[in-house]
Number of protein chains: 2
Amino acid sequence: MEQPSAAIGGPVSHAIFRVARLHRMLAGSLLRPTGLYPGQELLMMHLWDHGPQRQSQLVSVLDSDAPTVTRTVQRLERAGFVRRRPDPTDARASLIEPTPASRHLREQIEQIWQQLEQLTVGPLDPADHSSALGILEQLERNLVTATTARACDDEGAN
Amino acid sequence: MEQPSAAIGGPVSHAIFRVARLHRMLAGSLLRPTGLYPGQELLMMHLWDHGPQRQSQLVSVLDSDAPTVTRTVQRLERAGFVRRRPDPTDARASLIEPTPASRHLREQIEQIWQQLEQLTVGPLDPADHSSALGILEQLERNLVTATTARACDDEGAN
DNA sequence: GATTGGTATATGTTCGAACAACTAAGATCC
DNA sequence: GGATCTTAGTTGTTCGAACATATACCAATC
């Protein structure tokens, strides 16, 4: 495959794109036997760690948006991994909790995360490993800055 | 936001996930004024660079899959950026070409890519910049290795 | 020259992600 | 106590991505 011009215009952007795609594919493929789709495991893990949650809490913790969480919860509910209970203190809200049946999943998920991490990091020596993490965190900070800057611009424009 | 246990189980994986999400969001937000959605610009850019293409060629170049390209082309066609012409040498295939009207997009896209790259890389000095690229390429190699290894496993299992 | 295999593209489905619009329930203030 | 604002969730839509199938068409073999 020849060098696409995307790589010329933005080598880092293009690399992020490809790494993310491969990583998501690999995660999906590792997760497949459990019946979960990528993204659902984050929600489950948070429920296991922190107990019953409101959807709004899940939205802020997962840094997702309300419609996505609504449907993810619906799918997990249909799959039997999650259950809803009315919030006694607020009739608008419901509490999402993992079902007893889902306990079995937890160790699978943890093992998959370990495996995914190891496959991703591969044969990197510890120095490269920590510099990889540092670079990614720097990129994240840059992107957060850029995103919030754009959000403010938009506000000003409106 | 407290540290989610995803970060404990797989810090690099989790960082990739977040960086990719922010990057995709930023790309989408930059692309919005043009009417394109993230992904479509890669296809257009390839058409501009290499002229009329079969979908199958686009599939291999973009490293995507056939159904995705089919629908992306359909949407770009509906939006008026792309046009199909029967391949004179093979009645099964059609050639996808950018419309004259789309020429106007090209410089916008190139500018957006530059902007995206700059926002992503941010204030990194050249040394960090090239090490970032190196790290991402290493991660990509690891993921490709892991993915193809798993593909072979699956074949063996079937 | 009809069957078989491979290629080109399309469709239907499932997901996650983002946006807009909506309902319902709480909270506040006059 | 009634109008208004906010918050919690839902639904509908559009998109990209991946998977399984289906429908053409070409090509080579028997």
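Just the heavy atoms: all of them, side chains too, but no hydrogens, waters or symmetry mates, feed the values below.
Note on Asp63(A) versus Arg18(B): no salt bridge recorded, every NZ/NE/NH1/NH2 to OD/OE distance being 4.0 Å or above.
A close approach under 4.0 Å does occur between a side-chain nitrogen or oxygen of Gln74(A) and OP1 or OP2 of dT11(D). For the pair Gln57(A) and dA8(D), the criterion of a side-chain N or O lying under 4.0 Å from OP1 or OP2 is not met. Taking 4.0 angstrom as the limit, Ser94(A) places none of its side-chain polar atoms (N or O) nearer than this to OP1 or OP2 of dA8(D). For Ser56(A) and dT7(D), the shortest distance from a side-chain N or O to OP1 or OP2 is not below 4.0 Å.
Listed by chain and residue number, nothing satisfies the salt bridge (charged side-chain N to carboxylate O under 4.0 Å, His left out) test with Arg78(B) (two or more places apart in sequence, or in another chain). Partners of Glu77(A) under the side-chain hydrogen bond (donor to acceptor under 3.5 Å, both in side chains) rule, at least two apart in sequence or in another chain, are Arg84(A). Not a single salt bridge (charged side-chain N to carboxylate O under 4.0 Å, His left out) links Arg32(B) to another residue, sequence neighbours left out.
Per the geometry, CG belonging to Asp87(A) stands 12 Å off C1' belonging to dG26(C), to the nearest Å. Between the CE atom of Met44(B) and the P atom of dC15(D) there is a distance of 15 Å, given to the nearest Å. Atom pair Arg54(B):CZ and dA10(C):P shows a separation of 13 Å (rounding to whole Å applied). Protein atom CG of Leu58(B) is 15 Å distant from nucleotide atom C1' of dA10(C), rounded to whole Å. Between the CG atom of Leu76(B) and the C1' atom of dC15(D) there is a distance of 12 Å, rounded to whole Å. Computed from coordinates, the Leu31(A) CG to dT14(C) P distance equals 19 Å when rounded to whole Å. Regarding Arg78(A), its CZ atom lies at a distance of 14 Å from the P atom of dT13(C), rounded to whole Å.
The side-chain hydrogen bond (donor to acceptor under 3.5 Å, both in side chains) pairs that include a residue from residues 92-101 of chain B are Arg83(B)-Glu97(B), Arg85(B)-Glu97(B), Asp90(B)-Arg92(B), where partners are two or more places apart or lie in different chains.
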Let me have the donor-acceptor pairs involving side chains of residues 37-44 of chain A, under 3.5 Å, with sequence neighbours excluded, atom names and distances please.
{"from": "Gln40(A)", "atom 1": "OE1", "to": "Tyr37(A)", "atom 2": "N", "distance (Å)": "3.2"}
{"from": "Glu41(A)", "atom 1": "OE1", "to": "Gly39(A)", "atom 2": "N", "distance (Å)": "2.7"}

Discussion item. Within the 4.0 Å limit for protein heavy atoms, which parts of nucleotides 16-29 of chain D are touched? Write it as a string from 5' to 3', B for base, S for sugar-phosphate only, - for none.
Written reply: SBBBB----BS---
